[in-house]
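For reference, the structure discussed in these notes is given below.
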Number of protein chains: 2
Amino acid sequence: MQMTPMIESFVYHFGEMGSRWGFNRTVGQIYALLVISEQPLCANEIGELLGISRGNVSMGLKELGSWQLVQVSHKPGERREFYHSRGSIWDMANRVFEERRKREMDPTLSLLRDIMMDEAANPEEAFAQKRIAEIHDLLENITEWTQSLQSLSPEKLNTLMKLGSGVGKVLEFTDKFLGKKDPAKEA
Amino acid sequence: MQMTPMIESFVYHFGEMGSRWGFNRTVGQIYALLVISEQPLCANEIGELLGISRGNVSMGLKELGSWQLVQVSHKPGERREFYHSRGSIWDMANRVFEERRKREMDPTLSLLRDIMMDEAANPEEAFAQKRIAEIHDLLENITEWTQSLQSLSPEKLNTLMKLGSGVGKVLEFTDKFLGKKDPAKEA
DNA sequence: TTATTGTTTCAGAAATTTCTGAAAGTTCAG
DNA sequence: CTGAACTTTCAGAAATTTCTGAAACAATAA
């Protein structure tokens, strides 16, 4: 593996975006490298290519491991470990969504639920609770929905995405055929 | 407005989640406060309730303004400005999605497009370009799709969300009736 | 105009996050 | 067991982000 200007710009960009995607610069760079490298890379090589310390590489790989985004492999007769990005592009996207849901939604949902259980001590709290319940319901809907989308096959998801806002048409169409089983009025 | 334990826990939680949602602690706290307060609050009151400096409040409100998440109002005969969260829960969610798309997706899409235009200088770059093209296409699909979802009415979106993975059934169903007009093959 | 009441800006302080590198840990061949 | 090759950990250093508070700015009333 060699750092060419093209590869550098990709890797560094992922480093910079990293923080927006929920991991730090190094983690982003390491991942970018593993994704575009045809061959698996060893920790040492990663450190050299990126100009970062060995310890930092180790921590970055650990983090990527917790996201289940890397695969470790071995070459026959070699002791060191080689790392590679794991799964298809769809798998990656799924992992990232899932991980972010865990970090960004779940803790909030759980807190909001707790607050909803409390008794409101005064009118201000009562108002707050109403707002909190609205937020909770919305987040819960989004969470459940994205989860169920993730269980669809990539092909179905693709169909759905290609529909775009045309999905509105499909819904009307569905409503007509299902008649009283209007899904919007259930739940 | 008074800080009760319930309100505190909500506000502080939003502060902590802030960084995961793309803004800093103070911004998260301020927003939480504005959302659950029935009355609009002035900058001073916000600072006092949260125990943060006046300057910090001003910067936080500016940031929220750039996200179009606050509304400024005035009381008759008062010179100072009162702030309030803006729009419905759906509007908020939309704003947050949109803002994040701008920050997290658009710059990456643009970089990937540029790289795809370049000539690959060697087989390594050729492989990298293939991966980059895959990523680009996926991100572009997701971006376009979420954009088109945002243009649906809250009611339609709700219907869609309630369908959950049942959307798979609807797609099959649609395919059958539309026959050759397979939506997956259009676009 | 000046005084008053408010908001914004921004340099430096404080807090937080990330990174380094040396030491400790692990694994395995001999 | 010992030593070589590799990985992980973690205390403190470096970099980055956030926050403060004083000064500058704005709007209005008198």
Side-chain angles (χ1 to χ4, degrees), chain A residues 11-34 39-67 70-84 103-104, chain B residues 11-34 39-67 70-84 103-104:
Chain A
V11 167
Y12 289 150
H13 178 86
F14 263 57
E16 270 145 44
M17 293 314 272
S19 60
R20 310 200 169 167
W21 278 91
F23 36 76
N24 68 33
R25 179 153 32 116
T26 321
V27 172
Q29 291 179 348
I30 295 177
Y31 189 56
L33 212 49
L34 296 181
Q39 263 76 45
L41 303 173
C42 72
N44 243 317
E45 193 173 0
I46 295 171
E48 275 164 29
L49 287 170
L50 299 177
I52 60 178
S53 75
R54 197 55 199 69
N56 201 1
V57 173
S58 174
M59 296 206 288
L61 287 169
K62 193 177 162 196
E63 171 82 1
L64 286 171
S66 82
W67 286 60
V70 285
Q71 210 163 19
V72 183
S73 61
H74 290 268
K75 287 191 189 173
E78 292 254 25
R79 198 178 305 163
R80 62 204 157 140
E81 303 184 302
F82 290 82
Y83 302 89
H84 203 221
R103 300 179 178 205
E104 300 176 352
Chain B
V11 167
Y12 289 151
H13 178 85
F14 262 58
E16 270 145 44
M17 293 314 272
S19 59
R20 309 200 169 166
W21 279 91
F23 37 75
N24 69 33
R25 181 155 29 117
T26 320
V27 171
Q29 291 180 348
I30 295 176
Y31 189 56
L33 211 49
L34 296 182
Q39 263 75 44
L41 304 173
C42 70
N44 242 318
E45 193 173 0
I46 295 171
E48 274 164 30
L49 287 169
L50 299 176
I52 60 179
S53 75
R54 199 54 199 70
N56 201 2
V57 172
S58 173
M59 297 206 288
L61 287 170
K62 193 177 162 194
E63 171 83 2
L64 287 171
S66 82
W67 287 59
V70 285
Q71 211 164 19
V72 183
S73 61
H74 290 268
K75 287 191 189 172
E78 291 256 24
R79 198 177 307 163
R80 61 202 159 143
E81 304 185 302
F82 289 83
Y83 302 90
H84 202 222
R103 300 177 178 206
E104 300 177 353

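Labels below follow one simple rule: chain letters A, B, ... track the order of the sequence lines, proteins then strands, and each chain is numbered from 1. Just so it is clear, the values below take in all heavy atoms, side chains as well, and ignore hydrogens, waters and symmetry mates.
Remark: P of D:dT7 and CZ of A:F82 are 9 Å apart, rounded to the nearest angstrom. Nucleotide C:dT5 holds its P atom 15 Å from the CZ atom of B:R54, rounded to whole Å. When rounded to the nearest whole Å, the span between CZ of B:R25 and C1' of C:dA15 equals 8 Å. A straight line from CZ of B:F23 to P of D:dT18 spans 12 Å, rounded to a whole angstrom. Distance CD (A:E16) to P (D:dA15): 17 Å, rounded to an integer number of Å. At whole-Å resolution of the value, NZ in A:K75 and C1' in D:dA5 are 16 Å apart. Rounded to an integer number of Å, the gap from B:L61 CG to C:dT9 C1' is 15 Å. Look at CD1 on A:I52: it is 15 Å from C1' on C:dT17, rounded to the nearest Å.
Among C:dT9, C:dC19, D:dT9, the nucleotide with an atom closest to any side-chain atom of A:N56 is C:dC19. Among C:dT9, D:dT9, C:dG6, the nucleotide with an atom closest to any side-chain atom of B:R80 is C:dG6.
Using a 4.5 Å heavy-atom threshold, the side chains of A:L41 and A:I30 count as separate. Residues B:Y83 and B:P40 are not in side-chain contact: their nearest non-hydrogen atoms beyond the backbone lie 4.5 Å or more apart.
At the phosphate of C:dT9, OP1 or OP2 sits under 4.0 Å from a side-chain N or O atom of B:K62. Dashed line: the shortest gap from a side-chain N or O of B:T26 to OP1 or OP2 of D:dT18 is not under 4.0 Å.
A:R103 places no side-chain N or O within 3.5 Å of a backbone atom of B:R20 that could act as its donor or acceptor partner.
Among the protein residues, B:N24 comes within range of the sugar-phosphate backbone only, with heavy atoms under 4.0 Å from sugar or phosphate atoms but none that close to a base.
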Protein-nucleotides 23-29 of chain D N/O pairs closer than 3.5 Å?
none

Going by atom type alone, with no hydrogens or angles, which donor-acceptor pairs under 3.5 Å involve a side-chain atom of residues 47-58 of chain B and a protein atom two or more places apart or on another chain?
| from | atom 1 | to | atom 2 | distance (Å) |
| --- | --- | --- | --- | --- |
| B:S53 | OG | B:N56 | N | 3.1 |
| B:N56 | ND2 | B:T26 | OG1 | 3.4 |

